[in-house]
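In this chain, numbering begins with 1 at the start of the sequence shown.
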Amino acid sequence: MAARLDSFGLAELAAKSEDAFRLAGLAMAEGARVAGYRGDYYRYRMGDAVAVIRTMNDPETGQEELLGMDTHAASTCVWECQVVKDVTPAGADPMSRRVLVRCGEGEDRAVVDLVCPEVLPSIEEGTRLRLGMAAFPLRVSYDLGESSGVVEAQQDTVLLQGVVKDAKVGETFLGMEPLTKFLSVTVSTRMGDVELCHPIEMVPEAQKDHVRPGAVVSAYCVLSGDVAVGIYAGGLVFGEEPDLQALAWFFQHGGVERLRPVLRSDCAVTFLENRQEGLEHAMALLELVRQDLGEAGLTHCAPGTGTSPGGRGRRLLLLGDGKGGFAFLCRLEVDSLGRVRELSITNDPSCEFDLTAWGE
């Protein structure tokens, strides 16, 4: 999932490895930090273009490690979509994700490289996403006529056709220094509007008069969807429900370090009669519990709401075998910031609940 700096005419900023490191260092020093579960992102605005640096702490040294860079546009186009499948390539770093999505009940599908995916507690099949959308064409054509607005997913790219709603010249800057200009074209498709960004030189001379509202554009492109929008614009959001979603991800996929931002330094975790206090001890107990539940085949997670006296209305995480039965439930006590102060995993039969989907 390479950074598409060439779409903004900025390829020279990362033409050499030392140039790429210089840009990454500038972004980390002067950009806005966006906190994620496994690491951090640094968003650096360069006029109408955005560089997003992916970082994660090295577990051996504790030092922040540079993983890579994404690019995006200063776009106001937003898709409300749903994950169909995770198609992240093998070998991708933990701060990257690529997903196949759909919008509504239509047949169109799109492969989207996610920017800042680790701000979400989990991304599973069926997860609803709100994405700031940009597209980086590898080939593009403008014409007059009718458009069906179709979006068709390829292996890691997308074929799309749509109607131009707006076309303008975007500009990039480094500090106060002007750098490049590029075409920024808002396109209407059946899946929603998307900001198409590419060099002016990509358009054949005979088609340049068609780069205007009402024209039809066809593009073979890479789609980029920024997850850090809306309530996630600043990074992680804590609270009973997102904390339980992060816990569900851990029980199903492992990686107890991903829970570190969720747990207070003085948190306590109780599993049946075993209680551990303090962050490191609590995380160690959670890892043991996950291993035991995995061996017992009890890693299916479902959301629920308490109905027992004293716990009515509280969100719960239910653990079972996926065949309709639940052996344990998890409940949280969170502080005023939404971080976990107390986590208990119990099989107490007096705890009653209803199955309730996230967000209900």
**OP:** Please lay out, stage by stage, how F251 and L298 fare under the test side chain to side chain contact (heavy atoms under 4.5 Å, CB included).
**Re:** CA-CA 9 Å; F251 280 128; L298 299 174; over 6 Å; no
Original post:
Are T299 and Q252 close enough, and set up right, to give a side chain to side chain donor-acceptor pair (under 3.5 Å), and what steps lead you there?
Top reply: CA-CA 6 Å; T299 57; Q252 293 175 320; over 6 Å; no
Original post:
Can R43 and E30 be said to form a salt bridge (charged side-chain N to carboxylate O under 4.0 Å, His left out), step by step?
Top reply: CA-CA 9 Å; R43 184 192 302 273; E30 300 186 11; over 6 Å; no
**OP:** Just do the side chain to side chain contact (heavy atoms under 4.5 Å, CB included) check on L223 and L160 with the steps written out, would you?
**Re:** CA-CA 10 Å; L223 285 185; L160 67 81; 4.2 Å; yes
**OP:** Would you sort out whether N274 and Q276 count as a side chain to side chain donor-acceptor pair (under 3.5 Å), showing the intermediate values?
**Re:** CA-CA 7 Å; N274 188 348; Q276 297 293 324; 3.1 Å; yes
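Using a cut-off of 4.0 Å between Lys/Arg side-chain N and Asp/Glu carboxylate O, E118 and R258 are scored as salt-bridged. Ion pair D266/R264 flagged as a salt bridge, since at least one NZ, NE, NH1 or NH2 atom sits closer than 4.0 Å to an Asp/Glu carboxylate oxygen. In this structure, R315 does not pair ionically with E240, as no charged nitrogen and carboxylate oxygen lie closer than 4.0 Å. At a threshold of 4.0 Å, the pair R341-E333 does not count as salt-bridged, since none of the basic side-chain nitrogens sits closer than that to a carboxylate oxygen.
A side-chain N or O of S96 and one of R54 form a donor-acceptor pair less than 3.5 Å apart. Side-chain atoms of H72 and E195 include no donor-acceptor pair closer than 3.5 Å. A donor and an acceptor atom, one from each side chain of S141 and S218, are nowhere located under 3.5 Å apart. Side-chain atoms of D348 and T346 include no donor-acceptor pair closer than 3.5 Å. Under 3.5 Å, the side chains of D243 and Q245 contain no donor-acceptor pair of N or O atoms.
For the side-chain hydrogen bond (donor to acceptor under 3.5 Å, both in side chains) test, residues two or more places apart in sequence or in another chain that qualify with D19 are R22. Remark: D292 engages no residue in a salt bridge (Lys or Arg N to Asp or Glu O under 4.0 Å) (not counting sequence neighbours). Partners of R339 under the salt bridge (Lys or Arg N to Asp or Glu O under 4.0 Å) rule, at least two apart in sequence or in another chain, do not exist in this structure. Taking Q82 as the reference, R102 meet the side-chain hydrogen bond (donor to acceptor under 3.5 Å, both in side chains) condition, with sequence neighbours excluded.
Using bins of under 30°, 30° to 60° and over 60° for the plane-to-plane angle, the ring pair F328/F271 lands in the tilted bin.
E18 CD: more than 12 foreign heavy atoms inside a 6.0 Å radius. Surrounding CZ of F21 are at most 12 heavy atoms belonging to other residues, nucleotides or ligands under 6.0 Å away. Counting non-hydrogen atoms of other residues, nucleotides and ligands closer than 6.0 Å to NE2 of H281 gives a total of 12 or fewer. No more than 12 heavy atoms of other residues, nucleotides or ligands sit less than 6.0 Å from atom CD of E125.
Rounding to the nearest 0.5 angstrom, the gap separating the OG1 atom in T180 from the CG atom in D6 is 11.0 Å. Between C197 atom SG and L183 atom CG the span is 9.5 Å, to the nearest 0.5 Å.
A side chain to side chain donor-acceptor pair (under 3.5 Å) check over residues 196-206, counting only residues at least two apart or in different chains, returns the pairs Y142-H198, E205-K208.
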Which atom pairs, one a donor and one an acceptor, fall under 3.5 Å between side chains of residues 282-291 and the rest of the protein, sequence neighbours left out?
unit_1 : atom_1 : unit_2 : atom_2 : d
E287   : OE2    : R290   : NH2    : 3.4
E287   : OE2    : Q291   : NE2    : 3.2

